Amino acid sequence: MPELPEVETIRRELAPSLTGRKILGARISRPDIVGWPRSGECGVRNAECELKRLITGQRIRQLERRGKYLILRLSRGDSPGRLLVIHLRLSGQLLVVPTSTGKLRFERIRFLLSGRRSLVFIEPRVLGRVYLVEEGNLPPVLKGLQNLGLEPIHPRFNARYLQNKVQHRSARIKALLLDQGIAAGVGNIYSDEALFRAGIRPLRRARRITNQEYGRLARALRSVLQDGIRHMGTTMADARYRRPDNRPGEFQKRLMVFDREDSPCKVCGTTIRSCRIGNRKSRYCPKCQT
DNA sequence: CTTGTGTCCTGTAGGC
DNA sequence: TGCCTACAGGACACAA
């Protein structure tokens with residue numbers, strides 16, 4: 001669920017309540033959520049205990065984000081800093097609650113913090129992960145983080161960058177936009193929205209897209225992600241994305257195509273259609289997009 | 001290297 | 001009401 005605008009909103013709203021706090025311990029209800037350390041894979045017998053041991057006493061210095069990864073920079077005294085890397089995948093949610101709060105529905109991990117607050121990782125589908133790693137020594141399970149492409153909100157993300165990455169390729173443009181090594185942080189919602197803004201159908205082959213269209217697409221990706229951040233992310237009716245204080249985002253009101261199949265296009269009134277690319281649904285306006 | 005497909009895991013919505 | 005199936009914002013392994 002959470003794409004770049006959602007994770008960035010979470011980062012911004014989490015920062016004031018987490019920065020400077022000390023981690024006093026962790027409660028792990030679902031060990032599958034721990035992506036690193038893994039039992040048996042790093043000379044550790046019990047990864048769960050190892051995570052608790054390594055994290056306890058660390059202080060949260062800074063919150064960062066790369067693509068859809070949220071990164072908590074930790075330190076303990078003058079020992080080398082560790083990173084707590086969190087990926088929310090489809091249904092993950094991070095909430096800050098008073099430590100006295102009882103166990104929440106779908107609560108998988110709780111980090112107990114100083115100041116009687118806790119950071120709770122809610123994850124109904126158990127696909128999300130947390131990783132405790134050393135900076136500059138990322139485990140193989142985090143190669144996705146290592147291989148991220150430029151973010152569309154980065155100053156150097158432009159038509160030339162995008163064309164270099166995909167223009168020679170025969171795959172559908174939509175599938176390539178979901179590739180994190182090409183455009184970090186873009187997911188199903190914002191790729192559909194960007195293609196609408198650029199007037200390009202999701203099924204178009206990357207090599208058939210013109211220079212002018214790549215210009216529009218690069219700008220559309222940038223603007224749609226910036227707008228998503230400005231409106232604090234997209235909370236669909238049945239969806240789980242929530243900000244850390246449990247409030248919803250507001251970008252859903254502005255969606256032009258995502259989750260709007262069979263509804264009229266807000267620009268021309270044509271019925272929004274959907275198609276399938278790989279295993280994922282894509283929506284587009286057959287008149288506004290060519 | 002590229003592309004398309006299946007899988008992970010669980011909850012929920014909708015059909016019958 | 002109850003059972004069953006299809007589907008869900010992501011990422012990765014794998015086969016061709």
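Numbers restart at 1 for each chain; the letters A, B, ... are given by sequence-line order, proteins then strands. Since the structure is predicted, the reported quantities are computational estimates derived from the model, not experimental observations.
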Considering every strand and a 4.0 Å limit on heavy-atom distances, what is the contact class for N279(A): base, sugar-phosphate, or nothing?
base
Is the phosphate of dT10(B), meaning OP1 or OP2, less than 4.0 Å from a side-chain N or O of R30(A)? yes
For this session: Would you classify R129(A) as touching base, sugar-phosphate or nothing, given that sugar-phosphate means primed atoms plus P, OP1 and OP2, and contacts are heavy atoms under 4.0 Å?
Result: nothing
Ranking L90(A) and L145(A) by the position along DNA chain C of their nearest nucleotide, the one closer to 5' is L90(A)
- Taking the C1' atom of each, how far is dA6(C) from dG6(B), in whole Å? 16 Å
Practice prompt. Could you give the distance separating dC14(C) and dC9(B) at their P atoms, to the nearest angstrom?
Written response: 15 Å
Rounded to whole Å, the CE-P distance (M236(A) to dA13(B)) equals 14 Å
Any strand, both distances under 3.5 Å, Watson-Crick or G-U wobble: dC3(C) pairs with dG15(B)
With hydrogens left out and only the distance checked, is there a donor-acceptor pair under 3.5 Å joining R125(A)'s side chain and the base of dA8(C)? yes
May I ask you to evaluate whether K68(A) reaches the phosphate of dG9(C), defined as a side-chain N or O under 4.0 Å from OP1 or OP2? no
Practice prompt. For nucleotides dT12(B) and dA11(C), find the distance between their P atoms and express it as a whole number of Å.
Written response: 23 Å
Q180(A) side-chain N/O to dA11(C) phosphate OP1/OP2 under 4.0 Å: yes
Check: Does any donor atom in the side chain of N188(A) or K174(A) lie under 3.5 Å from an acceptor atom in the other side chain?
Finding: yes
With respect to the phosphate group of dA11(C), does any side-chain polar atom (N or O) of H87(A) fall under 4.0 Å of OP1 or OP2? yes
Give a yes/no answer on whether the side chain of S91(A) brings an N or O atom under 4.0 Å of OP1 or OP2 in dA8(C). no
_Under 3.5 Å, is there a donor on one side chain and an acceptor on the other for R61(A) and T19(A)?_
no
Inset, instruction - Would you check if there is a donor-acceptor pair between the side chains of N147(A) and Q180(A) at a distance under 3.5 Å? - result: no
- Query: Is there a donor in the side chain of T234(A) and an acceptor in the side chain of Y190(A), or the other way round, less than 3.5 Å apart?
  - Reply: yes
- Item | N/O (side chain, R105(A)) to phosphate O (OP1/OP2, dT12(B)) under 4.0 Å | yes
